[in-house]
K.L.:
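Mind looking over this structure? Questions follow.
Naming convention: chains lettered A, B, ... in sequence-line order (proteins, then strands); numbering from 1 in each chain.
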Protein chains: 2
Amino acid sequence: MSADLKRRKFIKGASLAGLAGLGGLALATGTAAQTAGSDVTLRGTGDLGVIIERADGSVLIVDTTRRTVIWRVEGLGDLSHASAVFSRDARYVFVFGRDGGLTKVDILEGRIAKRIIQGGNSIGGAISQDGALVAVSNYEPGGVKIFDAETLDLVADIPATWGPDGARSKTVGLTDAPGGRFVFSLYDAGEIWVVTMTSGTPEIEKFPHAGALPYDGLITPDGRYYMAGLFGEDGMAMLDLWQTEKGLTRILPDYGRGEEKLPVYKMPHLEGWAAAGDKLFVPGVGRHHVVIIDRTTFAEVGRIPVHGQPVFVMARPDGRHVWVNFALPNNDTVQVIDVLTSQIIHTMKPGKAVLHMEFSPRGEEVWVSVRDENVVRVYDTATFEEISTLPAKAPSGIFFTARAGKTGL
Amino acid sequence: MSADLKRRKFIKGASLAGLAGLGGLALATGTAAQTAGSDVTLRGTGDLGVIIERADGSVLIVDTTRRTVIWRVEGLGDLSHASAVFSRDARYVFVFGRDGGLTKVDILEGRIAKRIIQGGNSIGGAISQDGALVAVSNYEPGGVKIFDAETLDLVADIPATWGPDGARSKTVGLTDAPGGRFVFSLYDAGEIWVVTMTSGTPEIEKFPHAGALPYDGLITPDGRYYMAGLFGEDGMAMLDLWQTEKGLTRILPDYGRGEEKLPVYKMPHLEGWAAAGDKLFVPGVGRHHVVIIDRTTFAEVGRIPVHGQPVFVMARPDGRHVWVNFALPNNDTVQVIDVLTSQIIHTMKPGKAVLHMEFSPRGEEVWVSVRDENVVRVYDTATFEEISTLPAKAPSGIFFTARAGKTGL
């Protein structure tokens, strides 16, 4: 199938209800745009978004104002666990596939602008503060590769070598940081590396002894603190990027699977930490609670019992509410916590396999992907009313263009 | 001059050096785009911005990635003290002029999409959380008008009447807030009003006894706390929008002009409060210092001596540095404070009449308008090196499209 035929624009107002079950078939309703530029509308990109259709290697480009699908773009490879970041101008989305694919999609024209296979097995990426560089974190071969955001030409290859025998470590928890930096963790090596790219070539600062098997990382919204969760022991490693000379500190000694090694159905995403007011809300690993952490001292100050093992714990952009989804067997449910009272104020069942949630930039709506129902549901965050439903094939991650202006997203 | 002739696109790569001194003359270099849609480029709008040219009633549309001027749009009336907000899709900018003009500019096509005179003397505006409504704050006749963002049709007229004789108050400090709300202060009445628009008609909650002559207001970045500065007495009025039933509280009893009524060359903009980490950095009124406030208790915790009377005190998006400009006779200077040490780490002199500063969304650059030099200077915020200079006619406010996704901007 040619690239042009893979680009299909939905007819405005056409019923999309029949789409959900089509699987890998070409789209029945919709017109094929034959040439680049045709059917393309002059429009702002501030209210667009991307939904990953994980089973089909496709993405939907959506209009979050009209709550409609504009394009389906196919041919992105294995999108299980895929994530995405946006170009500085919010015209392109870079999609990181599990198969090592890095795909640059033009969201205005609804087509693949460029696609490369940059590694064997990758696990996420980031875009530099100035938008000029895209970095990808690889399991195989272990390391980070950095590409020109315009051309996808390789700019730097950073193998995650460690120890006396020069073995390579899987890399995880890759994020951008202020100062033209990227930060990531070495799973096998138990290290955190900070790479500064302002000179054009990587300057690497290595922080060993981060702990056993860091499996994911996150950066606070201001870009100051990088934290890595540990699979091999309890506690987390933290690096203050304002004062890297102070080295790593260990926080939350009780955070993790615990001595009894609880069964964990899904390691919670650390991206899903919620900063709300002077507190952080964090998924308890393998436990049915959300942990409350003081944002200044990073000490645990409370726990909120919830419906299952939390996966994403996400603050509404104004920080008043925190939305939580769960691992199997409770992944049909979403709960909402009021930050002022630490009480659950709402429980809803969007359907089987709620995988991700994305708030509109100023928080009036949330889009929820329900994989096994083949829908994305849109809720009013004030009333919890369902406003709209969009068909999508096994949807997982949802990413809105406002991320382009934010650190760590 | 027809609307079409008022729309001019700059030739890419053409020298702009000669533009600065042209005053009201038609632009010498540049081509007139004769019809809507011609010369218009399909592009993302995530990296665009608007610069107010206050003396000429024009705005420049700029590309912040290439650091170039794309369009000059003329015919916006009196733009002294003008401000601007962006549409949800980041395609349009709404410019609030001092003469009561509300102009909707299409930044992709570089033309006025719609312009109305909505009041006699206005002082800023806001766009609702969902992007559907634009509100304008008026001195004359005192009150707030709310318009459909699409059509600029009047949706609600809220006269700021108060007291037994039904006099109307000037309104100031208008901002959007989560929950589909607008918040503003009544200068003459000393009240704060919260207007909820979710039902389509205004529901007004009034908070009297805010203090003498509130002259401006701001909302914290999370949209929780609204604060009004007082011209008639010291201290500030604060409203917790999460708990409006608790009413107004008074904070910062020593904040203001003081008993001796210091000469104040320019009342500091409260928009220019900087939230960085667990602190707020606030311009001292009429004093040569920046006040540090604890973000939780709202108590003053320190003062930093600076070069003059601060006007804007703005945090770099990562919160590590705070940039400060000053009132006459020190308005040729900018100082940078390191938040970690509370020390001034850099002093620069961009030129006569530094009026405004705008950071790129992730903070790697700052654009500084220097009115009397007819330039906007772009600085690298890490090295303080000047990267670029753009000619502009008496530039004042600078507004980048990333504001579209933020509360209170």
K.L.:
Between A/I219 and chain B, which part of the residue has a heavy atom less than 4.5 Å away: side chain, backbone, both or neither?
P.N.:
neither

K.L.:
Sort out for me which of A/A382, A/G319, A/P221, A/G223 touches chain B most, counting heavy-atom pairs under 4.5 Å.
P.N.:
A/G319

K.L.:
Roughly how far, to the nearest 0.5 Å, is the OG1 atom of B/T381 from the CD atom of A/Q129?
P.N.:
6.5 Å

K.L.:
Which distance, rounded to the nearest 0.5 Å, do you find between the CD of B/E364 and the CG of A/D130?
P.N.:
5.5 Å

K.L.:
Please report the closest heavy-atom contact between B/L340 and A/W242, naming both atoms and the distance.
P.N.:
CD1-CE3, 3.9 Å

K.L.:
When only pairs under 4.5 Å are counted, which of B/D222, B/V339, B/T198, B/T401 shares the most heavy-atom pairs with chain A?
P.N.:
B/D222

K.L.:
Side chain, backbone, both or neither: which part of A/T64 has a heavy atom under 4.5 Å from chain B?
P.N.:
both

K.L.:
Quick one: closest heavy-atom pair of B/G44 and A/L108, and the distance?
P.N.:
N-CD1, 3.9 Å

K.L.:
Would you mind reporting whether B/R362 and A/I127 have side-chain heavy atoms less than 4.5 Å apart?
P.N.:
yes

K.L.:
Which atoms of B/T296 come close to chain A, meaning under 4.5 Å heavy atom to heavy atom: side chain ones, backbone ones, both, or neither?
P.N.:
side chain

K.L.:
Let me know which of B/V40, B/D106, B/T41 forms a side chain to side chain contact (heavy atoms under 4.5 Å, CB included) with A/L42.
P.N.:
B/V40

K.L.:
Between A/A402 and chain B, with a heavy-atom cut-off of 4.5 Å, which part of the residue counts as in contact: side chain, backbone, both or neither?
P.N.:
neither

K.L.:
Checking heavy atoms, do the side chain of B/R43, its backbone, both or neither come under 4.5 Å from chain A?
P.N.:
both

K.L.:
Report which part of B/R88 has an atom under 4.5 Å of a heavy atom belonging to chain A: side chain, backbone, both, or neither.
P.N.:
both

K.L.:
Need one label for B/D176: side chain, backbone, both or neither, based on atoms under 4.5 Å from any heavy atom in chain A.
P.N.:
side chain

K.L.:
With rounding to the nearest 0.5 angstrom, report the CG to CZ distance, A/L241 to B/R320.
P.N.:
10.5 Å

K.L.:
If you count heavy-atom pairs under 4.5 Å with chain A, which of B/P361, B/G405, B/A90 comes out on top?
P.N.:
B/G405

K.L.:
For B/T45 and A/G46, work out which heavy atoms get closest and say how close.
P.N.:
OG1-N, 3.9 Å

K.L.:
Any chance you could measure B/D47, atom CG, to A/S87, atom OG, to the nearest 0.5 Å?
P.N.:
7.5 Å

K.L.:
Side chain from CB out, backbone as N, CA, C, O: work out which of these in B/T383 comes under 4.5 Å of a heavy atom of chain A, or both, or neither.
P.N.:
neither

